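Right, one structure below, let's go through it.
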Amino acid sequence: MLIPHPLLGLREAQEFTYLGDASLLDRPDGIADGAAAAFNDYVYLRENPAGLHRELWFHEQGDRSWLVVSRNTVTHEILGAELARDVAMRARRGGAA
Amino acid sequence: MKPIFMEDVLAAMAYFDNKMSVVCNFPVTHRATVLVTPCSRITELRYSALRIFKEALTGHRGWRPLWRNPDPQPAYDYVIVGGGGHGLATAYYLATTFRKAKIAVLEKSWLGSGNIGRNTTIIRSNYLLPGNEPFYEFSMKLWEGLEQEFNFNAMVSQRGIVNLFHSDAQRDAFRRRGNAMLLAGADAELLDREQVRAMVPFLNFDNARFPIKGGLLQRRAGTARHDGVAWGYARGADLAGVDLIQNCEVTGFRIEHGRIRGVETSRGSIGTGKVGVAVAGSTGRVMARAGMRLPIESHVLQAFVTEGLKPTIPGVITFGAGHFYVSQSDKGGLVFGGDIDGYNSYAQRGNLPTVEDVAEGGMALMPMIGRTRLLRIWGGLIDMSMDGSPIIDRTQVEGLYLNAGWCYGGFKATPASGYAFAHLLATDAPHQTAAAYRLDRFQRGHVIDEKGVGAQPNLH
């Protein structure tokens, strides 16, 4: 699989390590009410979709940036990639993640 | 020619069965108890050496398909979703051991079309943790009596497994694991370097980076014919009256007031009060139809087989410094595998970096296989759980039960998984060896994490 790195162009997936669902960017508030339940969902539960999956890849053997990669889990087709930082900033500003 | 009467055949079969029990040292307590089917049908379908003899004399006209191919009924008492190893084993034990009737197995494709036909056929009970080891040892004991139990040749071969270690720390860890195995009633032997060398002299003992220091041996472990296991359970379940319904995909669950009322399928709607889901890698998408998110990710695991060779590898060997394990099939092919690819996948095929990694592991361990040609590579969908251990439990929907999270250890667990799941479905209480496999153990902090790597499915 080749990942279209937004800064470096197409890179071999082997250069990356895989973390999982991009919802992991959305860490719950640790001091809010119901934080324990929210963290249980955050840490353990996954959508695990067959089809489009947005997921976190770390360019460990490259520029060490985190990417959010959109990939089809049924075909392994990679549909796009952007810097996780940009996704998180957009979410913080209230836009769609 | 003197006619052969049915009674003679039956008497001879009983005699032969008893002899076999003694000769093969199979426990007699595991003999089949088939209840629902009329006796004549069982007699007609039971396999034995005498049956082969009789068929040979009568032109082989008496062989029948292994199971019926029924259409779904409007309602059942029990519906098992998934006609793979675990689903078929569940239906088998539910019908025989737990004496339940009106059972259907719904399979979206053909029976045994998933991981039971894709694995590397290893059976073993060499786990460490108290939540796991008694369960896998229970499974190992069921394997030992399986062929007598369901009257089918599953080619269970207890040729042993040796887990190699390459450092003092690893030796300590394996000694601890061996002791845990002994405590759970399994067998374990710690071998030093020379004992391993006597057994498998062809390994690269003096690898500069990972010299072999010894191994943990479980003699009762081994391999089994994966398809034969599915067919044996399917045939046994069918004989006991279970409807095995193929090409029947579950498209939805009918849930009213938190209780299961039935399932919607590609072949119509089926009413039932109890549904057991055993669909391995498809767990996520099936349970999503019941509105559930689970502590599971689906990943792809690849396996490999080479051309047939002369008998070379006596048992199962696992490399302790990389992820590589190998055995030799009865046909001669080396069957081996390694790590999962490591990203979510429903593709049933993997990518080349993992192939390279596995080949490197193989070459580091036994350079002699370098010239062997690879015949096939394939991939299976595995349900990686958040702690690397399975789930056999109720769900928040009453009457809906889940059997999942087998990671890459599902095949060896097939008999015990089926037995424990049938126990849960029949009695609403967990089997004693599977009591730790609760769905809520993550929330409660009672994870069973053999490798201690935390909630990161691709590391288990």
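Chain identifiers are assigned alphabetically (A, B, ...) following the order of the sequence lines, protein sequences preceding nucleic acid strands; residue numbering begins at 1 within each chain. Bear in mind that the values here come from a model prediction, so they are computed numbers and not experimental data.
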**Request:** Let me know if B:Leu294 has heavy atoms under 4.5 Å from chain A in its side chain, its backbone, both or neither.
**Result:**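 Answer is backbone: N, CA, C or O of B:Leu294 sit under 4.5 Å from chain A.
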**Message:** Under the criterion side-chain contact (heavy atoms from CB on, under 4.5 Å), I'd like the reasoning laid out for A:Asn48 against B:Asn344: C-alpha separation, chi angles, the key distance, then a yes or no.
**Reply:** CA-CA 8 Å; A:Asn48 194 21; B:Asn344 285 42; 3.7 Å; yes
Top contributor to chain A contacts, counting heavy-atom pairs under 4.5 Å, from [options]:
options: B:Ala455, B:Ser282, B:Ser298; answer: B:Ser298
options: B:Met386, B:Gln456, B:Met287; answer: B:Met386
options: B:Pro353, B:Gly454, B:Gly284; answer: B:Pro353

**Prompt:** CD/B:Gln443 to CG/A:Leu45 distance, rounded to the nearest 0.5 angstrom?
**Reply:**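 Taking CD in B:Gln443 and CG in A:Leu45, the distance rounds to 8.0 Å.
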Any chance [atom1] of [X] has more than 12 other-residue heavy atoms, nucleotides or ligands included, within less than 6.0 Å?
X: A:Arg85; atom1: CZ; answer: no
X: A:Asp29; atom1: CG; answer: yes
X: B:Arg209; atom1: CZ; answer: no
X: B:Trp378; atom1: CH2; answer: yes

**Message:** Here's a test for you: under side chain to side chain contact (heavy atoms under 4.5 Å, CB included), which of B:Arg293, B:Glu297, B:Met384 qualifies with A:Arg46?
**Reply:**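 Testing each of B:Arg293, B:Glu297, B:Met384 against A:Arg46, the sole residue satisfying side chain to side chain contact (heavy atoms under 4.5 Å, CB included) is B:Glu297.
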**Request:** Could you walk me through whether A:Thr75 and B:Tyr346 pass the side-chain contact (heavy atoms from CB on, under 4.5 Å) test, one step at a time?
**Result:** CA-CA 8 Å; A:Thr75 62; B:Tyr346 281 90; over 6 Å; no
**Request:** Check whether A:Glu47 gets within reach of chain B through its side chain, its backbone, both or neither, counting any heavy atom under 4.5 Å.
**Result:**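 Both parts, heavy atoms under 4.5 Å.
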**Least distance between heavy atoms, A:Met1 atom then B:Asn351 atom** =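 Looking at all heavy atoms of both residues, the shortest contact is CG-ND2, 3.4 Å.
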**Item:** Considering all heavy atoms, the nearest B:Ala347-A:His76 contact
**Value:**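 Closest heavy-atom pair between B:Ala347 and A:His76: CB-NE2, 3.4 Å.
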**Asked** So, the side chain of B:Asn458 versus the backbone of A:Tyr18: is there a donor-acceptor pair under 3.5 Å, distance only?
**Response**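 Yes, B:Asn458 side chain to A:Tyr18 backbone: donor-acceptor pair under 3.5 Å.
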**Request:** Using the ring-ring contact (aromatic ring centres under 6.0 Å, His included) rule, take B:Tyr343 and A:His53 through it: C-alpha gap first, then chi angles, then the decisive distance, then the call.
**Result:** CA-CA 11 Å; B:Tyr343 42 80; A:His53 191 224; over 10 Å; no
**Prompt:** Of all of A:Asp21, A:Val43, A:Leu19, which one pairs up most often with chain B through heavy atoms under 4.5 Å apart?
**Reply:**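 Heavy-atom pair counts peak at A:Leu19.
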